[in-house]
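Per chain, numbering begins at 1; letters A, B, ... match sequence-line order. Bear in mind that the values here come from a model prediction, so they are computed numbers and not experimental data.
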There are 2 protein chains.
Amino acid sequence: MNIGDVAERSGLPAKTIRYYEDIGFIKPRRSLNGYRHFDEKELHKLAFIGRARSLGFTIEDCRSLLALYEDKERASADVKDIAKQNLKEIDAKIADLKAMHATLSHLIDECAGDHRPDCPILKNLGQT
Amino acid sequence: MNIGDVAERSGLPAKTIRYYEDIGFIKPRRSLNGYRHFDEKELHKLAFIGRARSLGFTIEDCRSLLALYEDKERASADVKDIAKQNLKEIDAKIADLKAMHATLSHLIDECAGDHRPDCPILKNLGQT
DNA sequence: CTTGACCTTCCACTTGCTGGAACCCTTATG
DNA sequence: CATAAGGGTTCCAGCAAGTGGAAGGTCAAG
């Protein structure tokens with residue numbers, strides 16, 4: 001497979017795949033013409049990374065998960081720890097966003113939103 | 001005020017304040033020794049930006065909000081539009097994070113988390 | 001006089017890509 | 001055979017929104 005096929009099958013842009021090679025996730029062989037040549041295993045690995053990324057795992061998380069994935073001896077507890085840590089971060093982000101939501105929607109409700117210059121949103125932001 | 005005082009009173013790191021000068025939010029005068037010299041107005045502006053940023057407004061949003069803030073003729077509707085757009089983005093982020101949360105906590109629940117190598121989290125990520 | 005706390009500038013790095021330029025390779029068509 | 005389209009390659013730059021650090025100037029106290 002060339003990079004375009006892998007891009008299509010993994011759902012990742014070709015640029016991203018080259019980037020993932022740069023940072024050492026994959027090491028595809030090269031054809032005589034210099035093109036990257038991917039096998040199923042690498043496609044699989046890229047798809048794995050793509051799914052992990054879409055679940056909010058960082059690149060470094062992916063590195064750990066991949067290592068665990070390829071280590072037949074690893075304990076599921078190690079993986080669970082990473083996932084749990086990730087879940088905690090997700091929870092924190094949700095809490096933050098909810099607080100923002102509350103403040104902002106309160107301000108929006110109070111704002112007349114007409115042509116008059118009086119605006120509680122700016123008033124609030126400007127409070128020293 | 002020197003930058004340290006402003007940093008303390010605004011809650012922004014000095015580095016960030018210099019950065020905000022770089023991108024044109026403020027133009028503090030300089031003392032003879034080259035130190036930045038801030039007045040209350042600039043402190044106020046920085047605090048305004050800090051609050052807006054903590055509500056999730058981007059730097060570009062802040063630029064618009066500041067312009068509106070300093071324009072006595074502006075209609076509150078303009079401000080409300082920016083805030084509403086922001087709220088929409090917050091909602092979308094919350095929805096995304098909730099979806100991640102659901103998937104991940106489901107996987108975590110299914111994972112034994114012991115020393116055995118069988119792990120549903122990796123199994124799921126590896127599904128081609 | 002020296003120490004330590006400030007301040008200055010500038011450059012590099014972060015995260016996770018993305019865009020573009022300039023160029024090479026392959027295949028199909030006029 | 002020329003050429004054009006549509007792959008591929010490299011490298012360089014940039015995004016947001018700062019953060020870290022080096023190298024150096026300034027100021028007040030002991």
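- Taking 4.5 Å as the limit, every side-chain heavy atom of A:Glu40 sits out of range of all side-chain heavy atoms of A:His44.
- Of the residues near DNA chain C, A:Tyr20 and B:Asn33, the one whose nearest nucleotide (by heavy atom distance) lies more toward the 5' end is B:Asn33.
- At a threshold of 4.0 angstrom between heavy atoms, the contacts of A:Ile3 are confined to the sugar-phosphate backbone, with no base atom among them.
- Taking atom CD of residue A:Glu60 and atom C1' of nucleotide C:dT14, one finds them 12 Å apart after rounding to whole Å.
- Within the 3.5 Å criterion, the main-chain N or O of A:Leu12 finds a donor-acceptor partner in the side chain of A:Ser10.
- To the nearest angstrom, P of C:dC7 lies 14 Å from CD of B:Glu21.
- One finds a side-chain N or O of B:Arg30 lying less than 4.0 angstrom from the OP1 or OP2 phosphate oxygen of C:dT9.
- Per the geometry, NE2 belonging to B:His37 stands 13 Å off P belonging to C:dC7, to the nearest Å.
- Remark: C1' of C:dT15 and CZ of A:Phe25 are 12 Å apart, rounded to the nearest angstrom.
- The separation between A:Tyr19 atom OH and C:dT18 atom P is 10 Å, rounded to whole Å.
- At a threshold of 4.0 angstrom between heavy atoms, the contacts of A:Arg18 include nucleobase atoms, whether or not backbone atoms are also involved.
- Minimum interatomic distance between B:Ala14 and B:Ile3 (heavy atoms only, all atoms of both residues): O-CD1, 3.6 Å.
- In terms of position on DNA chain D, the residue among A:Gly4 and B:Tyr35 whose nearest nucleotide sits closer to the 5' end is A:Gly4.
- When side chains are defined from C-beta on, B:Phe57 does not count as touching B:Glu89, because their heavy atoms never get closer than 4.5 Å.
- Side-chain atoms of A:Ile17 and A:Ile26, non-hydrogen and from C-beta on, do get closer than 4.5 Å to each other.
- Using a 4.5 Å heavy-atom threshold, the side chains of A:Leu68 and A:Ile82 count as touching.
- Between the axis at the start and the axis at the end of the helix from C:dC1-D:dG30 to C:dG30-D:dC1 there is an angle of 30°, using five pairs per end and rounding to 10 degrees.
- Each of A:Arg63, A:Glu42, A:Lys45 was compared with A:Phe25 under the side-chain contact (heavy atoms from CB on, under 4.5 Å) criterion, and only A:Arg63 meets it.
- The separation between A:Arg36 atom CZ and C:dT26 atom C1' is 18 Å, rounded to whole Å.
- Side-chain contact between A:Ile108 and B:Lys80 is present, with heavy atoms from C-beta onward closer than 4.5 Å.
- The nucleotide range of DNA chain D contacted by chain B, defined by atoms under 4.0 angstrom from heavy atoms of the protein and reported 5' to 3', is D:dA17 to D:dC27.
- Side-chain polar atoms of A:Asn2 and A:His37 form no donor-acceptor pair below 3.5 angstrom.
- A donor-acceptor contact under 3.5 Å links the side chain of A:Lys15 to the base of C:dG20.
- As rounded to whole Å, 13 Å separates atom C1' of C:dT18 from atom CG of A:Asp22.
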